[in-house]
Amino acid sequence: MHQPGPGRAVGSGGYHVGIDVGGTKVLAVATQPARPTHELAAVEHPTASGPDVLAVVGRALAEVRAAVGPEAGPLLAVGVGMPGMVTHTGVLRYGPHLSGAIELDIGARLSAEYGVPVVVDNDGNCAAWAEHRVGAGAGHDDVVFVGLGTGISCGMVIGGRRVRGVHGFAGEPGHMTVLPDGPRCACDRLGCWEALASGTALAEQARRAVAEGRLGRVVQLAGGDPQAVRGEHVTVALAEGDPATVQLATAFARWVALGLANLVNLLDPAVIALGGSVVDARAPWMTLIGRAYDDAVLAGALRPSTSLVAATAGRRAGAIGAALLAAESVPDLRRPAV
Ligand SMILES: [Zn+2]
């Protein structure tokens, strides 16, 4: 049987666009319902701050539509994942990583401009939906996604449904306080989990260690410039087994595991899918985090273990999940109000 190659449409029944707005980039992908992980087209731009992000999202949508071409049929619906607190009506109430963007009515704006239904949710919720439907949590009804990147994004699928809360703001464990009076977070509070366990926090911890004269190998990997040290340099030195780096990474893994254990104590999921820049390298980090998690979770020896696994929808998870949500939400959006 003939299988269409990458980028080819399967029939002309239409397609969906999923847009993932992150702290550093905006990624738009086009997919069709029959093959939700197969990209017809993808476009990526750097994120803008504040309300300017709306223009970047609009541009990404226009470009991905142009790239899809006519053979896929019409654009059916758009899903957008935003990094922050998103209301049930698609308004970004607050996004700490978009220079404090507030009250962006992104759903209504895009819908009016393009004449298609638009679904907006938190970026972590979109990624969790992708992991639940087509990723590491496929086949399970209780799946949590945790992304360690600029901040910590999270989404929770419990009993096969996204947990959004009464206002839409549930699922922000990145801002659980885990160290009172700890480092300042992007949300301006002290000691949030993401201020200690995000990719940004890892880079800061590494630069502090460098300033104290440790982590010579990491500085070497950063081209000899202490200010250029980033998380990926730590990951490389960790994979090499550099002792000072292993020590730093072990301490960082404990902060990651502390938050994961809190989530498992609270939700008892079957799978936690870990994504984001920190665990892209997978093996060394997953081993350290898994070991620290076993020590941190309640009654670890007496409970069936929650699978801590690398997210498989990868860096596209948020966009693919947003497209899936758009595809599944369209019948609701088209139902007349009563
Ligand atoms: Zn915070």
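Ligands are counted one by one from 1 in listed order, and the atoms in each one are counted from 1 as well. This structure is a prediction, so every number in the text was calculated from the model and none was measured.
Here the shortest heavy-atom pairing between Gly231 and Ala203 reads N-CB, 4.1 Å. Nearest heavy atoms, Val297 versus Arg303: CG2-NH1, 3.9 Å.
For the Zn ion (ligand 1), the tally of protein N/O/S atoms lying closer than 2.8 Å stands at 4.
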Got a list of side-chain donor-acceptor pairs under 3.5 Å for residues 60-68, not counting sequence neighbours?
from	atom 1	to	atom 2	distance (Å)
Glu63	OE1	His45	NE2	2.8
Glu63	OE2	His45	NE2	3.4

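Other residues, nucleotides and ligands contribute over 12 non-hydrogen atoms within 6.0 Å of the CG atom of Asp225. Counting heavy-atom neighbours within 6.0 Å of His88 NE2, excluding the residue itself, gives a total above 12.
In this structure, a donor-acceptor pair under 3.5 Å is absent between the side chains of Arg208 and Gln205.
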